[in-house]
Protein chains: 2
Amino acid sequence: MNDRHRRGDLRRAMIEAAVAALDEVGPAALSLRDVSKRVGVSHAAPAHHFRDKAGLLTAVAAEGYERFVDELERAWSETGDFTEVGVAYVRFAIEHHVHFEVMFRIERLHPDDPALERARERSRRLLCAALHGGSDGTRRGLAAWSLVHGFAVLLLAGNLDGEVAADPEGAVREIVARLEALRGPGLAG
Amino acid sequence: MNDRHRRGDLRRAMIEAAVAALDEVGPAALSLRDVSKRVGVSHAAPAHHFRDKAGLLTAVAAEGYERFVDELERAWSETGDFTEVGVAYVRFAIEHHVHFEVMFRIERLHPDDPALERARERSRRLLCAALHGGSDGTRRGLAAWSLVHGFAVLLLAGNLDGEVAADPEGAVREIVARLEALRGPGLAG
DNA sequence: GCCATATCTTGACATTGTCTAGATTGGAGT
DNA sequence: ACTCCAATCTAGACAATGTCAAGATATGGC
(Lines give C-alpha, C1' and ligand atoms only; values in the text may rest on other atoms or scores of the structure.)
Protein backbone atom coordinates (compact mmCIF):
# COMPACT_ATOMS: atom_id res chain seq x y z
CA MET A 1 0.00 0.00 0.00
CA ASN A 2 2.63 2.45 1.03
CA ASP A 3 4.66 3.36 -2.04
CA ARG A 4 7.18 5.45 -0.16
CA HIS A 5 9.06 2.41 0.98
CA ARG A 6 10.91 -0.16 -1.02
CA ARG A 7 12.18 -3.41 0.38
CA GLY A 8 14.28 -2.97 3.48
CA ASP A 9 13.51 0.68 3.54
CA LEU A 10 11.16 0.70 6.48
CA ARG A 11 13.85 -0.53 8.81
CA ARG A 12 16.07 2.42 7.98
CA ALA A 13 13.19 4.87 8.11
CA MET A 14 12.11 3.59 11.50
CA ILE A 15 15.59 3.94 12.94
CA GLU A 16 15.95 7.47 11.67
CA ALA A 17 12.50 8.47 12.87
CA ALA A 18 13.27 6.89 16.23
CA VAL A 19 16.39 8.98 16.56
CA ALA A 20 14.40 12.10 15.69
CA ALA A 21 11.71 11.21 18.21
CA LEU A 22 14.27 10.43 20.91
CA ASP A 23 15.82 13.79 20.26
CA GLU A 24 12.50 15.53 20.73
CA VAL A 25 10.81 13.70 23.59
CA GLY A 26 13.67 11.91 25.30
CA PRO A 27 14.37 8.23 25.74
CA ALA A 28 11.77 7.73 28.48
CA ALA A 29 8.83 8.97 26.45
CA LEU A 30 9.60 7.21 23.18
CA SER A 31 6.50 5.62 21.70
CA LEU A 32 6.55 2.95 19.05
CA ARG A 33 3.22 4.09 17.71
CA ASP A 34 4.49 7.62 17.40
CA VAL A 35 7.53 6.52 15.43
CA SER A 36 5.30 4.43 13.16
CA LYS A 37 3.09 7.47 12.61
CA ARG A 38 6.11 9.60 11.71
CA VAL A 39 7.14 7.09 9.09
CA GLY A 40 3.59 6.72 7.84
CA VAL A 41 2.92 3.05 8.51
CA SER A 42 0.56 1.23 10.81
CA HIS A 43 1.44 0.81 14.45
CA ALA A 44 2.18 -2.89 14.05
CA ALA A 45 4.37 -2.61 10.99
CA PRO A 46 7.73 -2.43 12.77
CA ALA A 47 7.10 -5.68 14.62
CA HIS A 48 8.37 -7.66 11.66
CA HIS A 49 11.68 -5.79 11.48
CA PHE A 50 12.34 -5.24 15.15
CA ARG A 51 10.61 -7.66 17.45
CA ASP A 52 9.58 -5.09 20.01
CA LYS A 53 10.36 -1.66 21.27
CA ALA A 54 13.58 -2.98 22.73
CA GLY A 55 14.41 -4.31 19.28
CA LEU A 56 14.16 -0.87 17.75
CA LEU A 57 16.30 0.62 20.48
CA THR A 58 18.78 -2.21 20.01
CA ALA A 59 19.07 -1.33 16.34
CA VAL A 60 19.68 2.31 17.23
CA ALA A 61 22.32 1.26 19.75
CA ALA A 62 24.05 -1.03 17.26
CA GLU A 63 24.16 1.72 14.67
CA GLY A 64 25.50 4.01 17.35
CA TYR A 65 28.32 1.63 18.23
CA GLU A 66 29.31 1.33 14.58
CA ARG A 67 29.56 5.07 14.07
CA PHE A 68 31.22 5.39 17.44
CA VAL A 69 34.00 3.00 16.53
CA ASP A 70 34.39 4.62 13.12
CA GLU A 71 35.03 8.00 14.69
CA LEU A 72 37.38 6.69 17.36
CA GLU A 73 39.30 4.69 14.78
CA ARG A 74 39.66 7.74 12.61
CA ALA A 75 40.93 9.84 15.50
CA TRP A 76 43.39 7.12 16.45
CA SER A 77 44.75 6.50 12.97
CA GLU A 78 44.94 10.16 12.06
CA THR A 79 46.68 11.42 15.16
CA GLY A 80 48.04 8.35 16.92
CA ASP A 81 47.39 10.39 20.01
CA PHE A 82 45.90 8.81 23.05
CA THR A 83 44.35 12.09 24.15
CA GLU A 84 42.62 12.69 20.83
CA VAL A 85 40.80 9.38 21.16
CA GLY A 86 39.38 10.64 24.42
CA VAL A 87 38.38 13.90 22.79
CA ALA A 88 36.70 11.99 19.97
CA TYR A 89 34.86 9.91 22.59
CA VAL A 90 33.38 13.00 24.15
CA ARG A 91 32.72 14.64 20.82
CA PHE A 92 30.71 11.63 19.74
CA ALA A 93 28.73 11.70 22.96
CA ILE A 94 27.81 15.32 22.27
CA GLU A 95 27.16 15.23 18.54
CA HIS A 96 25.33 11.90 18.63
CA HIS A 97 23.95 12.21 22.12
CA VAL A 98 20.82 10.29 21.21
CA HIS A 99 22.76 7.27 20.04
CA PHE A 100 25.15 7.58 22.94
CA GLU A 101 22.39 7.54 25.52
CA VAL A 102 20.66 4.56 23.98
CA MET A 103 23.95 2.65 23.75
CA PHE A 104 24.38 2.72 27.50
CA ARG A 105 20.71 2.31 28.45
CA ILE A 106 21.20 -1.43 28.51
CA GLU A 107 18.10 -2.38 30.44
CA ARG A 108 16.01 -1.49 27.42
CA LEU A 109 18.08 -3.40 24.85
CA HIS A 110 18.16 -7.02 23.74
CA PRO A 111 21.34 -8.16 25.44
CA ASP A 112 22.12 -10.96 23.00
CA ASP A 113 21.32 -9.29 19.70
CA PRO A 114 24.01 -10.41 17.27
CA ALA A 115 24.43 -7.08 15.50
CA LEU A 116 24.70 -5.27 18.81
CA GLU A 117 27.18 -7.82 20.13
CA ARG A 118 29.32 -7.51 17.03
CA ALA A 119 29.38 -3.73 17.20
CA ARG A 120 30.01 -3.76 20.91
CA GLU A 121 32.86 -6.21 20.52
CA ARG A 122 34.37 -4.00 17.83
CA SER A 123 34.18 -1.09 20.20
CA ARG A 124 35.71 -3.07 23.05
CA ARG A 125 38.66 -4.13 20.91
CA LEU A 126 39.32 -0.61 19.73
CA LEU A 127 39.25 0.78 23.24
CA CYS A 128 41.69 -1.90 24.30
CA ALA A 129 44.06 -1.08 21.47
CA ALA A 130 43.86 2.66 21.87
CA LEU A 131 43.75 2.94 25.62
CA HIS A 132 45.41 -0.12 27.04
CA GLY A 133 48.66 0.35 25.21
CA GLY A 134 51.53 1.35 27.45
CA SER A 135 53.58 -0.03 30.22
CA ASP A 136 50.97 -0.30 32.91
CA GLY A 137 48.33 -1.84 30.72
CA THR A 138 44.78 -2.18 31.81
CA ARG A 139 44.78 0.23 34.75
CA ARG A 140 45.75 3.12 32.54
CA GLY A 141 43.11 2.18 30.02
CA LEU A 142 40.51 1.80 32.72
CA ALA A 143 41.34 5.22 34.13
CA ALA A 144 41.15 6.85 30.72
CA TRP A 145 37.91 5.15 29.78
CA SER A 146 36.29 6.05 33.10
CA LEU A 147 37.50 9.60 32.78
CA VAL A 148 36.12 10.35 29.34
CA HIS A 149 32.95 8.37 29.89
CA GLY A 150 32.23 10.05 33.18
CA PHE A 151 32.89 13.44 31.68
CA ALA A 152 30.54 12.72 28.79
CA VAL A 153 27.78 11.41 31.03
CA LEU A 154 28.00 14.31 33.47
CA LEU A 155 28.00 16.76 30.60
CA LEU A 156 24.94 15.25 28.93
CA ALA A 157 23.11 15.14 32.25
CA GLY A 158 23.67 18.86 32.68
CA ASN A 159 25.88 18.48 35.74
CA LEU A 160 28.71 20.56 34.33
CA ASP A 161 28.43 24.30 34.50
CA GLY A 162 29.08 27.13 32.12
CA GLU A 163 32.75 27.32 31.45
CA VAL A 164 33.23 23.61 30.91
CA ALA A 165 29.99 23.18 29.02
CA ALA A 166 30.99 26.01 26.71
CA ASP A 167 34.19 24.29 25.60
CA PRO A 168 33.89 20.63 26.49
CA GLU A 169 36.59 19.49 24.08
CA GLY A 170 39.09 21.84 25.57
CA ALA A 171 38.21 20.72 29.05
CA VAL A 172 38.45 17.05 28.23
CA ARG A 173 41.77 17.63 26.50
CA GLU A 174 43.12 19.15 29.68
CA ILE A 175 41.94 16.46 32.02
CA VAL A 176 42.99 13.60 29.77
CA ALA A 177 46.37 15.25 29.55
CA ARG A 178 46.55 14.80 33.31
CA LEU A 179 46.67 11.08 32.88
CA GLU A 180 49.03 11.37 29.97
CA ALA A 181 51.40 13.45 32.08
CA LEU A 182 52.08 10.38 34.17
CA ARG A 183 53.81 8.82 31.21
CA GLY A 184 55.99 11.83 30.53
CA PRO A 185 59.65 12.19 31.49
CA GLY A 186 60.36 12.25 35.18
CA LEU A 187 57.91 9.56 36.12
CA ALA A 188 58.34 5.87 35.55
CA GLY A 189 54.80 5.32 34.37
CA MET B 1 -9.63 2.01 55.88
CA ASN B 2 -6.09 0.82 55.82
CA ASP B 3 -4.90 0.49 59.40
CA ARG B 4 -1.32 -0.28 58.50
CA HIS B 5 -0.54 3.33 57.83
CA ARG B 6 -0.57 6.27 60.17
CA ARG B 7 -0.36 9.83 59.07
CA GLY B 8 2.59 10.52 56.79
CA ASP B 9 3.43 6.88 56.70
CA LEU B 10 2.32 6.16 53.18
CA ARG B 11 4.92 8.46 51.74
CA ARG B 12 7.73 6.53 53.37
CA ALA B 13 6.17 3.18 52.52
CA MET B 14 5.81 4.17 48.87
CA ILE B 15 9.43 5.25 48.62
CA GLU B 16 10.67 2.05 50.15
CA ALA B 17 8.42 -0.10 48.01
CA ALA B 18 9.52 1.85 44.96
CA VAL B 19 13.15 1.12 45.73
CA ALA B 20 12.32 -2.55 46.14
CA ALA B 21 10.42 -2.59 42.86
CA LEU B 22 13.18 -0.73 41.04
CA ASP B 23 15.62 -3.30 42.34
CA GLU B 24 13.50 -6.14 40.98
CA VAL B 25 12.23 -4.91 37.65
CA GLY B 26 14.57 -2.07 36.77
CA PRO B 27 13.93 1.64 36.34
CA ALA B 28 12.34 1.28 32.91
CA ALA B 29 9.61 -1.11 34.03
CA LEU B 30 8.59 0.61 37.25
CA SER B 31 4.83 0.82 37.59
CA LEU B 32 3.06 3.15 39.98
CA ARG B 33 0.15 0.76 40.28
CA ASP B 34 2.49 -2.05 41.16
CA VAL B 35 4.12 -0.01 43.92
CA SER B 36 0.69 0.92 45.24
CA LYS B 37 -0.26 -2.75 45.27
CA ARG B 38 2.88 -3.64 47.19
CA VAL B 39 2.02 -1.10 49.84
CA GLY B 40 -1.61 -2.16 49.89
CA VAL B 41 -3.37 1.01 48.85
CA SER B 42 -5.41 1.97 45.82
CA HIS B 43 -3.67 2.91 42.62
CA ALA B 44 -4.52 6.59 42.99
CA ALA B 45 -3.44 6.96 46.59
CA PRO B 46 0.12 8.15 45.93
CA ALA B 47 -1.10 11.03 43.79
CA HIS B 48 -1.65 13.15 46.86
CA HIS B 49 1.88 12.66 48.21
CA PHE B 50 3.82 12.63 44.95
CA ARG B 51 2.11 14.38 42.12
CA ASP B 52 2.88 11.77 39.52
CA LYS B 53 5.31 9.00 38.75
CA ALA B 54 8.09 11.51 38.27
CA GLY B 55 7.25 12.84 41.71
CA LEU B 56 7.86 9.46 43.30
CA LEU B 57 11.14 9.07 41.46
CA THR B 58 12.10 12.59 42.49
CA ALA B 59 11.54 11.66 46.12
CA VAL B 60 13.73 8.59 45.69
CA ALA B 61 16.41 10.71 44.05
CA ALA B 62 16.30 13.33 46.81
CA GLU B 63 16.63 10.67 49.46
CA GLY B 64 19.51 9.22 47.46
CA TYR B 65 21.34 12.55 47.34
CA GLU B 66 20.97 12.97 51.11
CA ARG B 67 22.44 9.57 51.89
CA PHE B 68 25.06 10.13 49.22
CA VAL B 69 26.30 13.33 50.79
CA ASP B 70 26.21 11.77 54.24
CA GLU B 71 28.53 8.98 53.16
CA LEU B 72 30.91 11.24 51.26
CA GLU B 73 31.05 13.66 54.17
CA ARG B 74 31.85 10.84 56.53
CA ALA B 75 34.65 9.57 54.30
CA TRP B 76 36.05 13.07 53.98
CA SER B 77 35.93 13.95 57.66
CA GLU B 78 37.23 10.60 58.81
CA THR B 79 40.17 10.28 56.48
CA GLY B 80 40.72 13.75 55.02
CA ASP B 81 41.87 11.79 52.03
CA PHE B 82 40.90 12.87 48.56
CA THR B 83 41.13 9.32 47.27
CA GLU B 84 38.83 7.92 49.92
CA VAL B 85 36.08 10.29 48.86
CA GLY B 86 36.31 8.79 45.40
CA VAL B 87 36.17 5.31 46.84
CA ALA B 88 33.12 6.26 48.88
CA TYR B 89 31.53 7.65 45.71
CA VAL B 90 31.88 4.33 43.96
CA ARG B 91 30.90 2.35 47.03
CA PHE B 92 27.67 4.31 47.27
CA ALA B 93 26.95 3.69 43.61
CA ILE B 94 27.31 -0.03 44.19
CA GLU B 95 25.56 -0.42 47.53
CA HIS B 96 22.73 1.96 46.68
CA HIS B 97 22.70 1.36 42.96
CA VAL B 98 18.95 1.89 42.75
CA HIS B 99 19.15 5.35 44.28
CA PHE B 100 22.25 6.15 42.27
CA GLU B 101 20.62 5.29 38.97
CA VAL B 102 17.51 7.31 39.71
CA MET B 103 19.59 10.28 40.83
CA PHE B 104 21.16 10.63 37.41
CA ARG B 105 18.08 9.68 35.35
CA ILE B 106 17.13 13.32 35.22
CA GLU B 107 14.65 13.15 32.37
CA ARG B 108 12.23 11.34 34.67
CA LEU B 109 12.53 13.72 37.62
CA HIS B 110 10.90 17.05 38.46
CA PRO B 111 13.78 19.40 37.76
CA ASP B 112 12.64 22.13 40.14
CA ASP B 113 11.55 20.07 43.11
CA PRO B 114 12.73 21.99 46.20
CA ALA B 115 13.80 18.94 48.21
CA LEU B 116 15.74 17.60 45.26
CA GLU B 117 17.36 20.95 44.60
CA ARG B 118 18.39 21.29 48.23
CA ALA B 119 19.93 17.83 48.32
CA ARG B 120 21.62 18.33 44.98
CA GLU B 121 23.06 21.63 46.08
CA ARG B 122 24.40 20.02 49.24
CA SER B 123 26.06 17.39 47.10
CA ARG B 124 27.52 19.97 44.75
CA ARG B 125 29.04 21.94 47.60
CA LEU B 126 30.59 18.87 49.15
CA LEU B 127 32.13 17.78 45.88
CA CYS B 128 33.58 21.24 45.45
CA ALA B 129 35.09 21.22 48.92
CA ALA B 130 36.48 17.71 48.70
CA LEU B 131 37.63 17.66 45.11
CA HIS B 132 38.37 21.19 44.08
CA GLY B 133 40.81 21.89 46.83
CA GLY B 134 44.38 22.18 45.62
CA SER B 135 46.52 24.38 43.54
CA ASP B 136 44.96 23.78 40.15
CA GLY B 137 41.41 24.12 41.32
CA THR B 138 38.51 23.13 39.22
CA ARG B 139 40.29 21.09 36.59
CA ARG B 140 41.54 18.64 39.14
CA GLY B 141 38.12 18.34 40.68
CA LEU B 142 36.52 17.88 37.30
CA ALA B 143 38.96 15.12 36.43
CA ALA B 144 38.37 13.34 39.71
CA TRP B 145 34.62 13.63 39.51
CA SER B 146 34.55 12.40 35.92
CA LEU B 147 36.85 9.54 36.81
CA VAL B 148 34.87 8.12 39.70
CA HIS B 149 31.52 8.80 38.10
CA GLY B 150 32.53 7.17 34.85
CA PHE B 151 33.92 4.20 36.69
CA ALA B 152 30.71 3.80 38.67
CA VAL B 153 28.49 4.11 35.61
CA LEU B 154 30.53 1.67 33.54
CA LEU B 155 30.57 -0.78 36.42
CA LEU B 156 26.81 -0.64 36.98
CA ALA B 157 26.18 -1.02 33.26
CA GLY B 158 28.21 -4.21 33.24
CA ASN B 159 30.93 -2.84 31.01
CA LEU B 160 33.76 -3.78 33.32
CA ASP B 161 34.97 -7.35 33.31
CA GLY B 162 35.87 -9.87 35.94
CA GLU B 163 38.97 -8.69 37.71
CA VAL B 164 37.82 -5.11 38.14
CA ALA B 165 34.25 -6.06 38.92
CA ALA B 166 35.48 -8.44 41.59
CA ASP B 167 37.30 -5.72 43.50
CA PRO B 168 35.93 -2.38 42.34
CA GLU B 169 37.10 -0.46 45.39
CA GLY B 170 40.66 -1.60 44.90
CA ALA B 171 40.51 -0.69 41.24
CA VAL B 172 39.10 2.75 41.87
CA ARG B 173 41.68 3.37 44.56
CA GLU B 174 44.43 2.65 42.05
CA ILE B 175 43.08 4.85 39.30
CA VAL B 176 42.25 7.74 41.58
CA ALA B 177 45.77 7.49 42.92
CA ARG B 178 46.89 8.21 39.36
CA LEU B 179 45.45 11.67 39.57
CA GLU B 180 46.77 12.11 43.05
CA ALA B 181 50.26 11.21 41.88
CA LEU B 182 50.32 14.41 39.88
CA ARG B 183 50.38 16.36 43.10
CA GLY B 184 53.25 14.38 44.54
CA PRO B 185 56.87 15.54 44.65
CA GLY B 186 58.55 16.04 41.32
CA LEU B 187 55.63 17.69 39.60
CA ALA B 188 54.53 21.24 40.08
CA GLY B 189 50.87 20.89 40.11
C1' DG C 1 1.39 -17.03 -14.64
C1' DC C 2 1.41 -19.14 -10.02
C1' DC C 3 2.61 -19.79 -5.42
C1' DA C 4 5.19 -19.12 -1.08
C1' DT C 5 6.97 -15.81 1.68
C1' DA C 6 7.76 -11.31 3.36
C1' DT C 7 5.52 -7.29 4.54
C1' DC C 8 1.85 -4.48 6.10
C1' DT C 9 -3.08 -3.39 8.06
C1' DT C 10 -6.73 -3.84 11.09
C1' DG C 11 -8.65 -4.99 15.27
C1' DA C 12 -8.35 -6.45 19.88
C1' DC C 13 -6.63 -6.78 24.68
C1' DA C 14 -4.23 -5.96 29.05
C1' DT C 15 -1.49 -2.56 31.36
C1' DT C 16 -0.42 1.92 32.65
C1' DG C 17 -0.57 7.03 34.15
C1' DT C 18 -3.67 10.40 35.25
C1' DC C 19 -8.14 12.75 36.13
C1' DT C 20 -12.67 13.33 38.56
C1' DA C 21 -15.98 12.57 42.04
C1' DG C 22 -17.15 10.74 46.18
C1' DA C 23 -16.17 8.38 50.76
C1' DT C 24 -13.66 8.33 55.06
C1' DT C 25 -10.88 10.03 58.65
C1' DG C 26 -8.49 12.96 62.00
C1' DG C 27 -8.16 16.98 64.44
C1' DA C 28 -9.02 21.89 65.63
C1' DG C 29 -12.32 25.13 67.34
C1' DT C 30 -16.31 26.01 69.95
C1' DA D 1 -19.20 16.30 72.88
C1' DC D 2 -20.33 18.10 68.46
C1' DT D 3 -19.38 20.15 64.09
C1' DC D 4 -16.91 21.28 60.28
C1' DC D 5 -12.92 21.35 57.33
C1' DA D 6 -9.07 19.72 55.21
C1' DA D 7 -6.26 15.86 54.33
C1' DT D 8 -6.32 11.36 52.69
C1' DC D 9 -7.90 7.49 50.36
C1' DT D 10 -11.15 4.65 47.06
C1' DA D 11 -13.53 3.68 42.87
C1' DG D 12 -14.31 4.40 38.31
C1' DA D 13 -13.22 6.16 33.88
C1' DC D 14 -10.33 7.53 29.95
C1' DA D 15 -6.68 7.86 26.53
C1' DA D 16 -2.26 6.11 25.28
C1' DT D 17 0.74 2.33 24.76
C1' DG D 18 3.03 -2.39 23.72
C1' DT D 19 1.96 -6.61 21.97
C1' DC D 20 -0.62 -10.38 19.84
C1' DA D 21 -3.67 -12.65 16.21
C1' DA D 22 -5.74 -12.85 11.77
C1' DG D 23 -6.25 -11.33 7.36
C1' DA D 24 -4.81 -8.52 3.13
C1' DT D 25 -1.33 -7.30 -0.26
C1' DA D 26 2.71 -7.36 -2.69
C1' DT D 27 7.17 -9.36 -4.20
C1' DG D 28 10.21 -12.50 -6.21
C1' DG D 29 11.49 -17.22 -7.74
C1' DC D 30 10.03 -21.00 -10.54
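Values reported hereafter were calculated over all heavy atoms of this structure, with side chains retained and with hydrogens, waters and symmetry mates removed. Here is how names work: the chains are called A, B, and so on, in the same order as the sequence lines, proteins then strands, and each is numbered from 1.
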Show every donor-acceptor pair shorter than 3.5 Å between a side-chain atom in residues 81-88 of chain B and any protein atom, with sequence neighbours excluded, or say none if there are none.
unit_1	atom_1	unit_2	atom_2	d
B:D81	OD1	B:T83	N	2.9
B:E84	OE1	B:R173	NH1	3.0
B:E84	OE2	B:R173	NH1	2.4

Atom NE2 of A:H49 to atom C1' of C:dT9: distance rounded to whole Å?
13 Å

Give the rounded distance in Å between these two atoms: CZ of A:F50 and P of C:dC8.
10 Å

Roughly, in whole Å, what's the span from CZ in B:R11 to P in D:dC9?
12 Å

Any pair with a residue in residues 17-27 of chain B that passes side chain to side chain donor-acceptor pair (under 3.5 Å), sequence neighbours left out, goes on the list, sorted by first then second residue, please.
B:D23-B:H97, B:E24-B:R38

Using atom CG of B:L10 as one end and atom P of C:dT24 as the other, report the distance to the nearest whole Å.
19 Å

Can you name the residues that form a salt bridge (charged side-chain N to carboxylate O under 4.0 Å, His left out) with B:R108, not counting sequence neighbours?
none

Applying side-chain contact (heavy atoms from CB on, under 4.5 Å), name anything that partners B:A47, two or more places apart in sequence or on another chain.
none

Spacing between B:H110 atom NE2 and C:dG17 atom P, to the nearest angstrom
13 Å

Does A:H48 have a side-chain nitrogen or oxygen under 4.0 Å from the phosphate oxygens OP1 or OP2 of C:dA6?
no

When you measure from the side chain of B:K53 to the backbone of B:L30, do you find a donor-acceptor pair of N or O atoms at a distance under 3.5 Å?
yes

Expected rows: protein N/O vs nucleotides 15-19 of chain D N/O, under 3.5 Å:
unit_1	atom_1	unit_2	atom_2	d
D:dG18	OP1	A:L32	N	3.0
D:dG18	OP1	A:K53	NZ	3.0
D:dG18	OP2	A:L32	N	2.9
D:dG18	OP2	A:R33	N	3.2
D:dG18	N7	A:R33	NH1	2.5
D:dG18	O6	A:R33	NH1	2.9
D:dT19	OP2	A:K53	N	3.0
D:dT19	O4	A:R33	NH1	3.3

Show me the donor-acceptor pairs, under 3.5 Å and distance only, between side chains in residues 153-168 of chain B and residues at least two apart or in other chains.
unit_1	atom_1	unit_2	atom_2	d
B:D167	OD1	B:G170	N	3.1

